[in-house]
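Single-structure report; data block below.
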Amino acid sequence: AAEGQWVLMATGRTPTNIAVIKYWGKRDEALILPINDSISVTLDPDHLSATTTVAVSPSFPSDRMWLNGKEISLLGGRFQSCLREIRKRARDFEDKEKGVKIKKEDWDKLHVHIASYNNFPTAAGLASSAAGLACFVFTLGKLMNVKEDYGELSSIARQGSGSACRSIYGGFVKWCMGEKDDGSDSIAVQLADETHWNDLVIIIAVVSSKQKETSSTSGMRDSVETSPLLQYRAQTVVPGRVLKMEEAIKNRDFESFAKLTCADSNQFHAVCLDTSPPIFYMNDTSHRIISLVEKWNHSEGTPQVAYTFDAGPNAVLIAQNRKTAAHFLQKLLYYFPPQDNDLSSYLVGDKSIL
Ligand code: 2P0
């Protein structure tokens with residue numbers, strides 16, 4: 001093809017992940033290096049995922065990006081860091097059919113257009129940045145013929161948004177905080193793939209799909225600066241919890257899994273309350289859902305459902321199997337009828353398949 005007449009594109013889809021041991025606090029803001037390890041479950045890609053198309057063409061005069069159809073600025077942002085890191089690793093590419101040949105060093109001169117869509121509310125505390133940045137890094141890597149392994153890709157996605165590094169893998173994933181100052185060992189590893197423990201069912205109770213008031217980035221910065229509980233959590237509590245959680249996942253031990261998940265969510269929100277000024281991500285409906293789960297689990301004698309809340313009021317509920325999920329959903333619908341404006345909808349899915 002003649003110079004300027006071709007467009008090369010790649011499209012990818014990446015699900016979001018839900019942390020069961022939370023990431024909250026950075027030791028390096030620029031490189032996005034955390035103060036503790038975290039563990040998450042990557043959801044089924046049919047729900048709560050980002051779909052991103054990246055394109056390059058000699059006819060594009062600048063880098064541009066659209067999120068859910070609306071153009072957003074790329075200047076100085078985190079997409080820019082990921083773009084730079086992927087460009088550095090780009091390789092020679094040739095498509096004989098299209099007559100396109102791009103030398104390694106030529107990728108620098110080509111501008112990209114990025115279009116990303118979330119199939120769920122952006123910035124409502126449903127980890128939209130995790131899916132979006134992971135998808136962008138993965139898809140751009142494919143387009144630019146990058147051959148780095150998933151660990152390396154996770155470390156690039158991390159520089160876009162911390163939690164994004166965990167969405168590079170399916171299944172159960174650990175983000176190792178690492179020790180080095182350059183962040184090269186702050187990468188995600190897969191603990192178990194998506195076929196492991198796939199009778200778990202995840203229910204997301206959308207308490208509010210409004211934008212959250214305090215972004216995770218600024219919230220965790222305030223926590224690092226002001227919360228004494230955060231230091232105690234990162235140094236004394238989380239290391240032991242991570243080991244126990246890895247064991248629980250390996251052995252499909254739902255009782256330990258549920259207890260650790262709920263305790264860690266509650267401690268994360270306690271840290272938010274311990275921050276000055278305090279951060280309130282959960283609301284009254286969130287608290288009522290916690291009470292419902294705690295009462296039910298207590299009356300059954302062993303945990304049936306685990307709850308976890310991120311930087312927003314929406315509840316993520318993890319049931320041991322379809323039967324308990326159905327039973328629990330019935331209870332939720334009874335106590336929180338959807339026509340009640342408080343709770344707008346439910347999303348239900350297996351960890352891997354809906
Ligand atoms: C997590 N969250 O582990 C925790 C639990 C929210 C609560 O990771 O500044 O959007 O981009 O690294 O990744 C949200 O934080 O923050 C988050 P940045 P990110 O999932």
Side-chain angles (χ1 to χ4, degrees), residues 16-41 78 123-130 133 154-155 157-166 173-183 185-188 212-246 248 257-283 286-287 290 306-316:
T16 193
N17 69 81
I18 303 290
V20 289
I21 301 292
K22 306 290 189 195
Y23 147 54
W24 197 250
K26 299 181 182 73
R27 62 180 201 276
D28 185 315
E29 289 257 347
L31 288 172
I32 311 200
L33 303 178
I35 56 168
N36 57 258
D37 293 348
S38 54
I39 295 180
S40 58
V41 184
R78 290 153 163 217
L126 286 174
S128 54
S129 66
L133 269 304
S154 79
S155 142
R158 187 203 74 229
Q159 296 172 57
S161 182
S163 51
C165 73
R166 299 185 309 233
V173 183
K174 173 162 117 172
W175 173 12
C176 307
M177 62 180 283
E179 290 170 356
K180 295 187 186 159
D181 288 341
D182 68 357
D185 58 350
S186 190
I187 61 167
K212 60 194 171 197
E213 276 169 30
T214 312
S215 78
S216 298
T217 308
S218 72
M220 69 176 86
R221 185 183 304 131
D222 290 349
S223 295
V224 168
E225 282 167 9
T226 64
S227 166
L229 179 57
L230 182 70
Q231 303 307 327
Y232 171 74
R233 162 177 167 71
Q235 287 158 21
T236 311
V237 181
V238 174
R241 254 182 208 168
V242 163
L243 293 175
K244 285 188 192 146
M245 184 57 92
E246 284 186 59
F257 176 83
K259 283 182 176 161
L260 290 161
T261 298
C262 298
D264 205 67
S265 171
N266 290 332
Q267 190 175 63
F268 154 52
H269 291 279
V271 165
C272 291
L273 202 58
D274 191 45
T275 299
S276 177
I279 307 163
F280 309 108
Y281 284 129
M282 293 196 285
N283 64 19
S286 320
H287 292 149
I290 293 181
Y307 56 81
T308 186
F309 294 80
D310 285 323
N314 303 318
V316 177

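Owing to the predicted nature of the structure, the values given are computational and were not obtained by experimental measurement. All values below come from the heavy atoms of this structure, side chains included, with hydrogens, waters and symmetry mates left out.
A heavy-atom distance below 4.5 Å is not found between the side chains of Lys22 and Asn36.
Taking 4.0 Å as the cut-off between side-chain N and carboxylate O, Asp264 and Arg233 count as a salt-bridged pair.
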Could you walk me through whether Tyr281 and Asp310 satisfy the side-chain contact (heavy atoms from CB on, under 4.5 Å) test, starting with their C-alpha distance in whole Å, then the side-chain angles of each, then the deciding distance to 0.1 Å, before giving a yes or no?
CA-CA 8 Å; Tyr281 284 129; Asp310 285 323; over 6 Å; no

From CA spacing to verdict: side-chain contact (heavy atoms from CB on, under 4.5 Å), Thr214, Phe280
CA-CA 9 Å; Thr214 312; Phe280 309 108; over 6 Å; no

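The number of heavy atoms from other shown groups lying within 6.0 Å of CG (Asp181) does not exceed 12.
The main-chain N or O of Leu229 is found under 3.5 Å from a side-chain atom of Asp274 such that the two form a donor-acceptor pair. A donor-acceptor contact shorter than 3.5 Å links the side chain of Asp28 to the backbone of Ala30.
Separation of atoms CE (Met177) and CD1 (Ile187) is listed at 14.0 Å; rounding is to 0.5 Å. Taking CZ from Phe309 and OG from Ser286, the interatomic distance works out to 5.0 Å, rounded to the nearest 0.5 Å. Taking CD of Gln159 as the start and CG of Leu133 as the end, the distance is 10.5 Å to the nearest 0.5 Å. Note that OG of Ser40 and CE of Met245 are 10.5 Å apart. Values are rounded to the nearest 0.5 Å. Rounded to the nearest 0.5 angstrom, Arg241 CZ and Ile39 CD1 are separated by 11.5 Å. Note: Arg166 CZ to Thr16 OG1 = 8.5 Å, rounded to the nearest 0.5 Å.
Closest of all the heavy-atom pairs between Ser223 and Ile279 is OG-CD1, 4.2 Å. The two residues Ala130 and Ser163 make their nearest non-hydrogen contact at CB-OG, 3.6 Å. The two atoms that bring Glu179 and Asp185 nearest to each other are N-OD2, 2.8 Å, heavy atoms only. Residues Val242 and Lys174 share a closest heavy-atom pair of CG1-CD, 4.0 Å. Nearest heavy-atom pair, Cys262 versus Ala306, reported as atom, atom and distance to 0.1 Å: SG-CA, 3.9 Å. In terms of heavy atoms, Ser129 sits closest to Ser161 at OG-OG, 3.0 Å.
Judged purely by distance below 3.5 Å, without hydrogens or angles, the side chains of Ser227 and Thr275 never pair a donor atom with an acceptor atom. Ser216 and Trp24 share no donor-acceptor pair across their side chains, judged by distance under 3.5 Å alone.
Residue Ser265 is tested with Thr308, Ile290, Leu260 for a side chain to side chain contact (heavy atoms under 4.5 Å, CB included); the sole match is Thr308. Of the candidates Ser155, Pro34, Ser154, Pro34 is the only one forming a side chain to side chain contact (heavy atoms under 4.5 Å, CB included) with Trp175. Of the candidates Leu31, Thr217, Ile35, Lys26 forms a side chain to side chain contact (heavy atoms under 4.5 Å, CB included) with just one, namely Thr217.
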